[in-house]
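Quick note: residue numbers are just sequence positions, from 1. All of these numbers come straight from a predicted model, not from anything done at the bench.
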Amino acid sequence: MPDARRHALVIGAGLAGAAATSSLARRGWRVTLLDATSGPAQGASGLPVGMLSPHVTRSPTPLSRLSTLGVAHTLAELQRLVPQGAGWQACEVDNLGHDPGRWPATLVRPAALVHAWLQEALALGALTPHWNTSVHRLSRMPDNDPAARWQAWDAQGHCVGEAPTVVVAAALGSVELLSGHAGPMAIDDLPLNPVKGQMSLGPQLGEPLAERPQRNDGVFIPRYRDEGLAPRWPGAIWSMGSTFERGLRDVTVTTEAHERNARSLETIHPAAAQALRHELAQGHLLGWSQVRCASLDRLPLVGPAPDAQALRQQQEAGRGQRRRVALADVPRWAGLHLLCAMGSRGITLAPWCAEQLARQIDGAPSEVDPTLMAALDPARFAVKNARRQGVAPALPTAG
């Protein structure tokens with residue numbers, strides 16, 4: 001008989017949610033996957049093609065360290081589950097600006113990996129997906145009980161799922177879900193922001209305009225062939241992008257964003273920029289647009305959610321001790337975990353981050369430098385707010 005404690009709700013079926021589903025399923029967990037759309041990878045993970053490559057800096061930073069680990073992990077998952085040519089393609093990229101030179105890279109259609117993870121979980125008998133299921137709020141019943149179960153509710157007040165463990169992988173939707181409707185977190189402790197990205201693309205006909213992808217302010221991919229692009233896209237495409245428009249939530253494909261891509265492409269390949277503008281003028285240019293989710297410090301949120309009300313009470317009780325709040329001391333909501341804010345690097349970061357979160361949930365020892373995991377801890381913003389304000393803001397319970 002299955003262990004009822006090894007059951008998780010995963011909210012969101014993009015790269016992050018699918019990766020978490022796969023990692024938990026391979027550890028023997030049952031997963032109920034909830035997504036508001038009609039199927040997986042319908043948001044930013046539906047990118048026609050993206051690039052997997054490291055974020056290189058002169059000296060190591062949390063993002064560059066994370067990127068190095070993430071590239072290797074994602075590539076291993078692609079090689080394990082997805083045939084080359086049906087979701088990814090090894091290549092090289094010419095960097096023309098930052099970190100100049102020719103570097104190994106991989107072109108990836110993220111949805112191919114998302115589907116492969118979910119198919120694997122289904123084959124293991126570990127996954128129950130629910131599509132067109134929007135989660136409006138979360139509650140924990142019975143409250144303050146270590147054996148409590150989390151319940152997910154839709155806008156009509158129907159319970160759409162429950163389990164002892166929840167992984168919130170809903171990108172920007174994580175903010176409203178966790179901080180609205182008397183949710184378990186304060187909005188100040190979730191500084192997540194929208195970043196619109198638009199890609200310009202078209203069918204690749206004849207000889208490509210360049211031998212390999214080129215990158216400066218954006219990435220120009222002269223040719224990407226993938227049997228899984230159809231029927232939405234041509235079977236072989238060229239692409240340029242994506243734009244990086246902070247604060248925008250509108251997913252409409254716009255002429256203005258196409259022109260921004262053209263201006264960026266001028267610095268990479270002037271002839272390709274001319275071709276892009278010609279296709280735009282003729283009304284033939286294709287476009288893809290979605291909103292990504294980025295945190296204030298550009299790093300993902302990976303780990304257990306902080307309990308701001310308990311942190312406030314803890315701070316008030318220790319007022320006279322003048323003790324700084326440390327991450328290890330932050331009270332957490334039992335069973336509630338975050339996996340979001342991958343920004344424009346979901347292909348690189350989401351699989352590795354999901355693997356680390358699954359290890360945490362499963363109680364496996366971490367093999368990662370604690371300072372790197374601390375940089376991703378969802379409680380880091382609550383700690384900063386507590387240090388700045390002296391106490392954490394009051395919150396209702398998630399009941």
Student: With a 4.0 Å cut-off, would you call Arg26 and Asp362 a salt bridge?
Tutor: no

Student: Tell me if a side-chain donor or acceptor on Thr267 pairs with a main-chain N or O of Ser264 at a distance below 3.5 Å.
Tutor: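 Yes, because the side chain of Thr267 sits within donor-acceptor range (under 3.5 Å) of the backbone of Ser264.
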
Student: Give a yes or no on whether the backbone of Gln198 and the side-chain of Thr243 come within a donor-acceptor separation of less than 3.5 Å.
Tutor: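 Checked: pair present.
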
Student: Is it the case that one hydrophobic cluster holds both Leu286 and Val251, taking links as side-chain heavy atoms less than 4.5 Å apart, direct or via other members?
Tutor: no

Student: Evaluate side-chain contact (heavy atoms from CB on, under 4.5 Å) for Leu66 paired with Arg345, printing each intermediate quantity in order.
Tutor: CA-CA 11 Å; Leu66 191 59; Arg345 296 184 175 272; over 6 Å; no

Student: Just by modelled atom types, is the Gln290 backbone N or O under 3.5 Å from a matching donor or acceptor in the Arg292 side chain?
Tutor: no

Student: Quick one, Arg140 with Leu138, criterion side-chain contact (heavy atoms from CB on, under 4.5 Å). Give me CA distance, side-chain angles, the key distance, then yes/no.
Tutor: CA-CA 7 Å; Arg140 191 165 182 263; Leu138 293 171; over 6 Å; no

Student: Any non-hydrogen side-chain atom of Val160 less than 4.5 Å from a side-chain atom of His130?
Tutor: no

Student: Any chance you could measure Thr371, atom OG1, to Leu376, atom CG, to the nearest 0.5 Å?
Tutor: 10.0 Å

Student: Would you sort out whether Thr165 and His337 count as a side-chain contact (heavy atoms from CB on, under 4.5 Å), showing the intermediate values?
Tutor: CA-CA 8 Å; Thr165 299; His337 304 267; 3.8 Å; yes

Student: Of all the heavy-atom pairs spanning Leu229 and Pro48, show the shortest one and how long it is.
Tutor: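 Of all heavy-atom pairs spanning Leu229 and Pro48, the closest is CD2-O, 3.7 Å.
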
Student: Quick one: are Leu299 and Leu63 in side-chain contact, heavy atoms under 4.5 Å?
Tutor: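 A side-chain contact under 4.5 Å exists here.
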
Student: Return the CG to OG distance between Asn261 and Ser242, rounded to the nearest 0.5 Å.
Tutor: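 Asn261 atom CG to Ser242 atom OG measures 7.0 Å (nearest 0.5 Å).
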
Student: Among Leu33, Thr32, Leu24, Val10, exactly one meets side-chain contact (heavy atoms from CB on, under 4.5 Å) together with Leu127. Which residue is that?
Tutor: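 Only one option passes, and that is Leu33.
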
Student: Determine the minimum heavy-atom distance between Ala358 and Ser23, stating which atoms define it.
Tutor: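 Nearest heavy atoms, Ala358 then Ser23: CB-CB, 3.5 Å.
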
Student: Just so I know, are the side chains of His258 and Val253 near enough to count as touching, which here means a heavy-atom distance under 4.5 Å?
Tutor: yes

Student: From Glu92 CD over to Thr106 OG1, what is the distance, rounded to the nearest 0.5 angstrom?
Tutor: 11.0 Å

Student: Could you see if Leu78 belongs to whatever hydrophobic cluster contains Leu15? Use Ile, Leu, Val, Met, Phe, Trp, Tyr and a side-chain cutoff under 4.5 Å.
Tutor: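 Shared cluster, yes.
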
Student: If you compare all heavy atoms of Asp189 against all heavy atoms of Phe381, which two are closest, and at what distance to 0.1 Å?
Tutor: O-CB, 3.7 Å

Student: Examine distances only and state if a side-chain atom of Gln84 and a backbone atom of Ala90 form a donor-acceptor pair shorter than 3.5 Å.
Tutor: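 Between the backbone of Ala90 and the side chain of Gln84 there is a qualifying donor-acceptor contact (under 3.5 Å).
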
Student: If you count the non-hydrogen atoms of other residues, nucleotides and ligands that lie under 6.0 Å from CH2 in Trp103, is the total more than 12?
Tutor: no

Student: From Thr61 OG1 over to Leu372 CG, what is the distance, rounded to the nearest 0.5 angstrom?
Tutor: 9.5 Å

Student: Hey, is the main chain of Pro60 close enough, under 3.5 Å, to the side chain of Ser64 for a donor-acceptor pair?
Tutor: no

Student: Is the shortest side-chain heavy-atom distance between Leu107 and Met51 below 4.5 Å?
Tutor: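 A side-chain contact exists here, since the closest heavy-atom pair is under 4.5 Å.
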
Student: To the nearest 0.5 Å, tell me how far Leu338 CG sits from Cys353 SG.
Tutor: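 The CG atom of Leu338 sits 12.0 Å away from the SG atom of Cys353.
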
Student: According to the interplanar angle, ranging from 0 to 90°, do the rings of Trp333 and Trp150 count as parallel (below 30°), tilted (30 to 60°) or perpendicular (above 60°)?
Tutor: perpendicular

Student: Hey, are His7 and Glu162 close enough side-chain-wise for a donor-acceptor pair under 3.5 Å?
Tutor: no

Student: Are the side chain of Arg380 and the backbone N or O of Leu327 linked by a donor-acceptor pair below 3.5 Å?
Tutor: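 Between the backbone of Leu327 and the side chain of Arg380 there is no qualifying donor-acceptor contact (under 3.5 Å).
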
Student: Could you tell me whether a side-chain N or O of Ser366 sits under 3.5 Å from a main-chain N or O of Val368, the two making a donor and an acceptor?
Tutor: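 Yes: the side chain of Ser366 pairs with the backbone of Val368.
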
Student: State whether the number of non-hydrogen atoms from other residues, nucleotides or ligands found under 6.0 Å of Glu211 atom CD is greater than 12.
Tutor: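 Counting other residues, nucleotides and ligands, CD of Glu211 stays at 12 neighbours or fewer.
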
Student: Would you find a donor on one side and an acceptor on the other, under 3.5 Å apart, between the side chain of Asp154 and the backbone of Ser134?
Tutor: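 Not a single qualifying donor-acceptor pair exists.
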
Student: Below 4.0 angstrom, N of the basic side chain to O of the carboxylate: do Glu355 and Arg27 qualify?
Tutor: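 Judged by the 4.0 Å cut-off on N to carboxylate O distance, Glu355 and Arg27 do form a salt bridge.
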
Student: Say whether Val167 and Val135 are linked into one hydrophobic cluster, either directly or through other cluster members, by side-chain heavy-atom distances under 4.5 angstrom.
Tutor: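 No; tracing contacts between hydrophobic side chains, which count when under 4.5 Å, never links both residues.
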
Student: Give a yes or no on whether a salt bridge exists between Arg80 and Glu77, defined as a side-chain N under 4.0 angstrom from a carboxylate O.
Tutor: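 Salt bridge present between Arg80 and Glu77.
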
Student: Return yes if some donor-acceptor pair links the side-chain N/O of Gln42 with the main-chain N/O of Pro40 below 3.5 Å, else return no.
Tutor: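 Side chain of Gln42 to backbone of Pro40, a donor-acceptor pair under 3.5 Å: yes, one is there.
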
Student: How close do Ala354 and Ala20 get, counting heavy atoms only, and between which atoms?
Tutor: CB-N, 3.5 Å

Student: Going hydrophobic residue to hydrophobic residue with side-chain gaps under 4.5 angstrom, can you get from Leu357 over to Val166?
Tutor: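 Result: no, two separate clusters.
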
Student: Under 4.0 Å between a Lys/Arg side-chain N and an Asp/Glu carboxylate O for Asp94 and Arg102?
Tutor: yes

Student: In this structure, are over 12 heavy atoms from other groups packed under 6.0 Å from Gln274 atom CD?
Tutor: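 Counting neighbours around CD of Gln274, 12 or fewer heavy atoms of other residues, nucleotides or ligands fall under 6.0 Å, so no.
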
Student: Going by atom types alone, do Thr21 and Trp117 pair a side-chain donor with an acceptor below 3.5 Å?
Tutor: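 Checked: Thr21/Trp117 side chains show no N/O donor-acceptor pair below 3.5 Å.
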
Student: Are there more than 12 heavy atoms of other residues, nucleotides or ligands under 6.0 Å from atom CG of Asp217?
Tutor: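 Not more than 12 within 6.0 Å, no.
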
Student: How far apart are the closest heavy atoms of Val114 and Ala18, and which atoms are they?
Tutor: CG1-CB, 3.7 Å

Student: Do Ile361 and Trp29 pass the side-chain contact (heavy atoms from CB on, under 4.5 Å) test, and can you show the C-alpha distance, the side-chain angles, and the key distance before you say yes or no?
Tutor: CA-CA 10 Å; Ile361 292 172; Trp29 282 67; 3.5 Å; yes

Student: Indicate whether the side chain of Arg215 and that of Ser53 have a donor and an acceptor atom separated by less than 3.5 Å.
Tutor: yes

Student: State the OG-CG distance between Ser179 and Asp188, to the nearest 0.5 angstrom.
Tutor: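 These two atoms lie 9.5 Å from each other.
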
Student: Do Leu280 and Trp233 share a hydrophobic cluster, counting only Ile, Leu, Val, Met, Phe, Trp and Tyr and linking them when any side-chain heavy atoms are less than 4.5 Å apart?
Tutor: no

Student: Indicate yes or no: at least one non-hydrogen side-chain atom of Leu209 is less than 4.5 angstrom from one of Trp238.
Tutor: no

Student: Would you check if His115 and Arg109 make a side-chain contact, meaning some heavy-atom pair closer than 4.5 Å?
Tutor: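 Not touching, per the 4.5 Å side-chain cut-off.
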
Student: How close do Ala25 and Leu124 get, heavy atom to heavy atom, and via which atoms?
Tutor: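 Where Ala25 meets Leu124 most closely, the heavy atoms are O-CD1, 3.9 Å.
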
Student: Going by heavy atoms in the side chains, are Ser174 and Leu190 under 4.5 Å from each other?
Tutor: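 Not in contact.
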
Student: Under 4.5 Å between any side-chain heavy atoms of Thr74 and Val108, yes or no?
Tutor: no

Student: Keeping the roles fixed (side chain from Thr133, backbone from Leu34), state whether a donor-acceptor pair exists under 3.5 Å.
Tutor: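 Side chain of Thr133 to backbone of Leu34, a donor-acceptor pair under 3.5 Å: no, none is there.
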
